[in-house]
Amino acid sequence: MIEQKKQVRDSAGIYDTLPSFAVESLRRSLLAWYAENKRDLPWRRTRDPYAIWVSEIMLQQTQVKTVIPYYERWLATLPTVKTLAIAQQQDVLKLWQGLGYYARARNLHQAAQVVVAQHGGTFPQTLETAMQLPGIGRTTAGGILSAAFNLPVAILDGNVKRVLARLVALPVPPKRAIAQLWQISEWLLDREQSRDFNQALMDLGATLCTPANPSCFRCPWQPMCQAYQQGIQTEIPMTESRAPIPHKRIGVAVIWDGQGNILIDRRKQSGLLGGMWEFPGGKLEPGETVEECIRREIREELGIEIEVGDRLISVDHTYSHFRVTLEVHHCKHLSGEPQAIECDEIRWVTLEEIEQFPFPAANVRIIEALRSGK
DNA sequence: AAGTCGTGGCT
DNA sequence: TAGCCAAGACT
């Protein structure tokens, strides 16, 4: 414990061990490398803070390749902060469908309304004000303010953590040294060229200083990289072992009304998949069959009686911290008027109408099965 | 302050 | 292929 803290402090004490000319050298070499090697990304072709903001939110915990088509579609549909502010949440979530972490979309939508109502539609230009907007933390605020306005605000995303951890040969997992890593990021930042510097730092991490097989032989920081000099670049950043994630079986109902309509529900705003639509269902309890589970869940959640019929599909899906197997059955509505007991809203829809609603990925699999099965 | 929150790309 | 992890924020 004490030993760990000492190691962190010694290592992050790069400011003491590196003379100021080394800082200048790090900045110069990185910016020179970036000038020749920067990626051509859609959000780098604009300085519109709204567009950059959208990209920063989408890029949270999400790879560039995944984001690009979502980003293009989003800006084509909601080109300004005002259009987003007045949009319906359902349409916002539909644009986000498949990206995951749906609180990002809900918060972005809400923040747009704040920017319009309280900032006259102009994105705030101080770190403190930007961070007050829902969904915008210190890294995202720094990313937006530096990229849109060239303001001297540091960042510390996954790429930067890895790059800096290797630069100083950080002897503990980055999670244990967040404050020190922020100090280094701020200390290195080129305050006259913060836009390019921050982008360069992220590009370095994304293209050369990668998690596996880093291309040290092409890295502008190789001469100053502590990890490289010690030959431990693949050992850093250190990782913590993860606990195995639990598995749950879920009974899911596709309830037909006999006239071609299916019953779907909208999940509550808070928690997993908040605001998204789904086919109703719930966890199997010990000793319970799938059919019994589905009948019980539908009774509890919607207050109706159903007949559980043929199995439609079984869907395996992995979330962040648990896995599920959805056991999906065709069901027939028998009696009772459906009520929104454990959800925000319910609705009967046809297979044609259903595509207008935002569904999480595992439920999209069910819809595909319904389509292909007729 | 550790847990919660998605999905897909990559090896 | 099964696991790791990605331009993190929120509670």
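In what follows, every heavy atom counts, from backbone to side chain, and hydrogens, waters and symmetry copies are set aside. Naming: A, B, ... by sequence-line order, numbering from 1 per chain.
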Atom [atom1] of [X] and atom [atom2] of [N]: how far apart are they, to the nearest Å?
{"X": "A:Trp43", "N": "C:dA7", "atom1": "CH2", "atom2": "C1'", "result": "9 Å"}
{"X": "A:Glu56", "N": "C:dA9", "atom1": "CD", "atom2": "P", "result": "9 Å"}
{"X": "A:Lys161", "N": "C:dG8", "atom1": "NZ", "atom2": "C1'", "result": "7 Å"}
{"X": "A:Ile178", "N": "B:dA2", "atom1": "CD1", "atom2": "C1'", "result": "14 Å"}

(request) Hey, which sits more toward the 5' end of DNA chain C by its nearest nucleotide, A:Pro134 or A:Asp203? (result)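 Upstream on the strand: A:Asp203.
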
(message) Which is more 5' along DNA chain C, the nucleotide nearest A:Thr239 or the one nearest A:Ile136? Just name the residue.
(response)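 Upstream on the strand: A:Thr239.
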
(request) Check A:Tyr70, A:Trp74, A:Tyr101, A:Phe359 against A:Trp96 for a ring-ring contact (aromatic ring centres under 6.0 Å, His included) and give me the one that passes. (result) A:Trp74

Whether [X] contacts [N] is assessed here as follows: a side-chain N or O lying under 4.0 Å from the phosphate OP1 or OP2. Is that the case?
{"X": "A:Arg106", "N": "B:dC5", "answer": "no"}
{"X": "A:Thr140", "N": "C:dA9", "answer": "yes"}
{"X": "A:His321", "N": "B:dC5", "answer": "yes"}
{"X": "A:Lys65", "N": "B:dC10", "answer": "yes"}
{"X": "A:Tyr319", "N": "B:dT4", "answer": "no"}
{"X": "A:Gln61", "N": "C:dG8", "answer": "yes"}

(request) Between C:dA9, B:dG6, B:dG8, spot the one nearest the side chain of A:Gln63, thanks. (result)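 Taking heavy atoms from C-beta onward, the closest nucleotide is B:dG8.
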
(message) The side chain of A:Leu272 is closest to which nucleotide in this list: B:dT7, C:dA7, B:dG6?
(response)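 It is B:dG6.
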
Look at the side chain of [X] against the base of [N] and say whether a donor-acceptor pair falls under 3.5 Å; ignore hydrogens and angles.
{"X": "A:Arg39", "N": "C:dA7", "answer": "yes"}
{"X": "A:Thr62", "N": "B:dG8", "answer": "no"}
{"X": "A:Ser320", "N": "B:dG6", "answer": "yes"}

(message) Applying a 4.0 Å non-hydrogen cut-off, can you work out what A:Gln97 is touching in the nucleic acid: base, sugar-phosphate, or nothing?
(response) nothing

(request) Report the residue (A:Asn213 or A:Ala103) whose heavy-atom-nearest nucleotide on DNA chain B is the more 5′ of the two. (result)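 With A:Asn213 and A:Ala103 compared, the 5'-side residue is A:Ala103.
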
(request) With A:Arg296 as reference, evaluate A:Glu301, A:Glu291, A:Glu288, A:Glu305 under the salt bridge (Lys or Arg N to Asp or Glu O under 4.0 Å) test and give the passing residue. (result) A:Glu288

